[in-house]
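Below: one structure, written as structure tokens.
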Amino acid sequence: MAAESKPLRSDAARNRDKLLVAATRVLAEGGLDAPLEHIARRAGVSIGTLYNHFPTREALLEAILPQRLAALDEITAAALADPDPWAGFSGFLEGLFTLQAEDHSLNDALAQGFSLTTDVSQACHRGFRDAERIIERAKADGRLRADFGSQDLVTLVWAMSQVIRESMETAPGAWRRCLSFFLDGLRTEAAHPLPGELVRQTGTR
């Protein structure tokens, strides 16, 4: 039988905790590609100490992103509990993009299509499974256009992640105006045939 892993010495445990706190802050500020040296410096340890605890960038992300993504569970739960399905849907989007605007590592993680480590990917996909229920509630209520689906949500998240990334320094609140335009276009009364549907209706190419 393999020997059980020994608990970290108190100094090593303190260093690990400092690295996790520093990584959360540095990655939230600079995104997933923020230099690991900056994390070690923020934690007050050497880069060697960082690698001793987290041999790869992926191992570090695995340690911090699932906890950050847990906030998404709270947002989806609140949206599903809202007695007004449209308010739940729009509140979910606003909550999601607020998280992304506040944490650039989370913004990057969602924009990359969940191509990260297993736990992170599972957390992302769990959130989007709940999002499908939020979408269906709003469609059944008659206020979300019937042709909006989960793949459209993925596209919307990708588009908004770019808006957030490009405006974070000069206009950090610009995404809210952009979201308002998107939401108006998603209302049933604003719906017009999409390009593919128009082709089928007219028989043109």
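Summarising the geometry of Ala101 relative to Ile164, their closest heavy-atom pair is CA-CG2, 3.8 Å, with the distance given to 0.1 Å. Closest approach of Phe92 to Leu72, counting heavy atoms only: CE1-CD1, 4.0 Å. The shortest non-hydrogen separation linking Ala63 to Arg16 is CB-NH2, 4.4 Å. Across all non-hydrogen atoms, the minimal contact from Leu183 to Ser90 is CD1-CB, 3.9 Å. Here the closest non-hydrogen pair linking Glu94 and Trp175 is O-CH2, 3.8 Å. Across Ala59 and Phe54, no two heavy atoms sit closer than the pair O-CD2, 4.0 Å.
Remark: side-chain polar atoms of Arg137 are paired, donor with acceptor, to backbone N or O of Ala79 under 3.5 angstrom. The closest donor-acceptor contact from the side chain of Asp184 to the backbone of Phe181 lies at 3.5 Å or more, if one exists at all. A donor-acceptor pair under 3.5 Å links the side-chain atoms of Asp103 to the main chain of Leu106, judged by distance alone.
In the displayed structure, Glu189 atom CD is contacted under 6.0 Å by more than 12 heavy atoms of other residues, nucleotides or ligands. More than 12 heavy atoms of other residues, nucleotides or ligands lie within 6.0 Å of CD in Gln162, so this atom counts as buried by the packing criterion. Annotation for Arg25: atom CZ does not count as buried by contact number, only 12 or fewer foreign heavy atoms lying within 6.0 Å. When the shell of 6.0 Å around CZ of Arg187 is examined, it contains more than 12 heavy atoms from other residues, nucleotides or ligands.
Within the model, atoms NZ of Lys18 and NE2 of His53 stand 9.5 Å from one another, a figure rounded to the nearest 0.5 Å. Between the CG atom of Leu50 and the CD1 atom of Ile39 there is a distance of 6.5 Å, given to the nearest 0.5 Å. Rounded to the nearest 0.5 angstrom, Ile135 CD1 and Phe148 CZ are separated by 5.0 Å. Separation of atoms CD (Glu62) and CZ (Arg57) is listed at 15.0 Å; rounding is to 0.5 Å. Note that CZ of Arg129 is 13.0 Å distant from CD1 of Ile134, once rounded to the nearest 0.5 Å. Atom OG of Ser167 sits about 13.0 Å away from atom CZ of Arg177, to the nearest 0.5 Å.
A salt bridge does not link Arg42 with Glu37: none of the charged nitrogens is closer than 4.0 Å to a carboxylate oxygen. A salt bridge is absent between Arg14 and Asp17: the closest approach of a Lys/Arg side-chain nitrogen to an acidic carboxylate oxygen does not fall below 4.0 angstrom.
By the 4.5 Å heavy-atom criterion applied to side chains, Arg165 and His104 are not counted as neighbours. Val26 places none of its side-chain heavy atoms less than 4.5 Å from the side chain of Leu36. Using a 4.5 Å heavy-atom threshold, the side chains of Leu186 and Phe89 count as touching. Taking the side chain as every heavy atom from C-beta outward, Met160 and Leu93 never approach each other to under 4.5 Å.
Under the 4.5 Å side-chain heavy-atom criterion for grouping Ile, Leu, Val, Met, Phe, Trp and Tyr, Met168 is not connected to Val163 through any hydrophobic cluster. Under the 4.5 Å side-chain contact rule for hydrophobic residues, Val45 and Tyr51 share a cluster.
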*side-chain contact (heavy atoms from CB on, under 4.5 Å) assessment of Asn107 paired with Phe97*: CA-CA 8 Å; Asn107 190 53; Phe97 298 137; over 6 Å; no
*Give the C-alpha distance, both sets of side-chain angles, the deciding distance and a yes or no for side-chain contact (heavy atoms from CB on, under 4.5 Å) between Leu110 and Leu96.*
CA-CA 10 Å; Leu110 293 174; Leu96 171 61; 3.7 Å; yes
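Of the residues Leu27, Leu32, Leu60, Asp108, the one that meets the side chain to side chain contact (heavy atoms under 4.5 Å, CB included) test with Leu65 is Leu32. Of the residues listed (Arg145, Lys139, Arg143), the one engaging Asp141 in a salt bridge (Lys or Arg N to Asp or Glu O under 4.0 Å) is Arg143, and it is the only one.
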